[in-house]
Amino acid sequence: MAATQDAVYKAVFDSSLNEFKVVFISHEGDVLSTQYVPYGSAAVAPNDVKCDKHVFSHWDKSFDSVTENLEVTAIATDIPKSSSSEEPQ
């Protein structure tokens, strides 16, 4: 079909149609949480991050404005040795 007159088209972007998968992973590689987050929104970190023999430190990347699928991994540090556990000299 041939165009017979000028036409104006308006693109409409609805960010709510785009959701991204965010997977939170423990420092040992276990999946803690999987969420589907709308474009530009924040994911919610799991509350209970257990780290046997380690202390949770932080997440390896930001997830406050999600624009792509993400795997977010917990970073843990060694539990500091208590001074009370040292042997007397």
Side-chain angles (χ1 to χ4, degrees):
M1 177 152 110
T4 58
Q5 61 186 15
D6 290 344
V8 176
Y9 296 95
K10 181 179 178 183
V12 178
F13 177 73
D14 185 351
S15 63
S16 67
L17 299 178
N18 293 323
E19 286 191 329
F20 296 96
K21 184 177 181 179
V22 180
V23 181
F24 287 91
I25 301 172
S26 75
H27 75 285
E28 295 175 328
D30 299 321
V31 174
L32 301 172
S33 171
T34 300
Q35 302 169 24
Y36 292 89
V37 180
Y39 178 90
S41 295
V44 178
N47 293 1
D48 194 18
V49 181
K50 297 205 186 307
C51 299
D52 293 337
K53 300 180 182 177
H54 295 86
V55 176
F56 172 77
S57 175
H58 61 280
W59 298 103
D60 71 336
K61 60 183 62 101
S62 174
F63 47 89
D64 58 347
S65 180
V66 177
T67 58
E68 63 185 349
N69 293 331
L70 293 176
E71 285 190 359
V72 184
T73 303
I75 303 298
T77 58
D78 291 335
I79 295 175
K81 292 184 180 179
S82 171
S83 60
S84 63
S85 66
E86 293 178 14
E87 292 188 26
Q89 296 183 9

So Asp78 and His54, do their side chains get closer than 4.5 Å, heavy atoms only? yes

Could you tell me whether Lys61 atom NZ has more than 12 heavy atoms of other residues or ligands within 6.0 Å of it? yes

Rounded to the nearest 0.5 angstrom, the NE2-OG1 distance for His27 and Thr77 is 9.5 Å

Side-chain polar contacts of residues 63-76 - donor-acceptor pairs under 3.5 angstrom, sequence neighbours left out - could you list them?
{"from": "Asp64", "atom 1": "OD1", "to": "Ser62", "atom 2": "OG", "distance (Å)": "2.6"}
{"from": "Asn69", "atom 1": "OD1", "to": "Lys21", "atom 2": "N", "distance (Å)": "2.8"}

Donor-acceptor pairs under 3.5 angstrom involving side-chain atoms of residues 28-38: please list them, not counting sequence neighbours.
{"from": "Ser33", "atom 1": "OG", "to": "Gln35", "atom 2": "NE2", "distance (Å)": "3.3"}
{"from": "Gln35", "atom 1": "OE1", "to": "Val44", "atom 2": "N", "distance (Å)": "3.0"}
{"from": "Gln35", "atom 1": "NE2", "to": "Val44", "atom 2": "O", "distance (Å)": "2.4"}

Find out if a path of hydrophobic residues (ILVMFWY) with successive side-chain heavy-atom gaps under 4.5 Å connects Trp59 to Ile25. no

Grouping ILVMFWY residues whenever side-chain heavy atoms fall under 4.5 Å, the cluster of Ile79 otherwise contains Val55

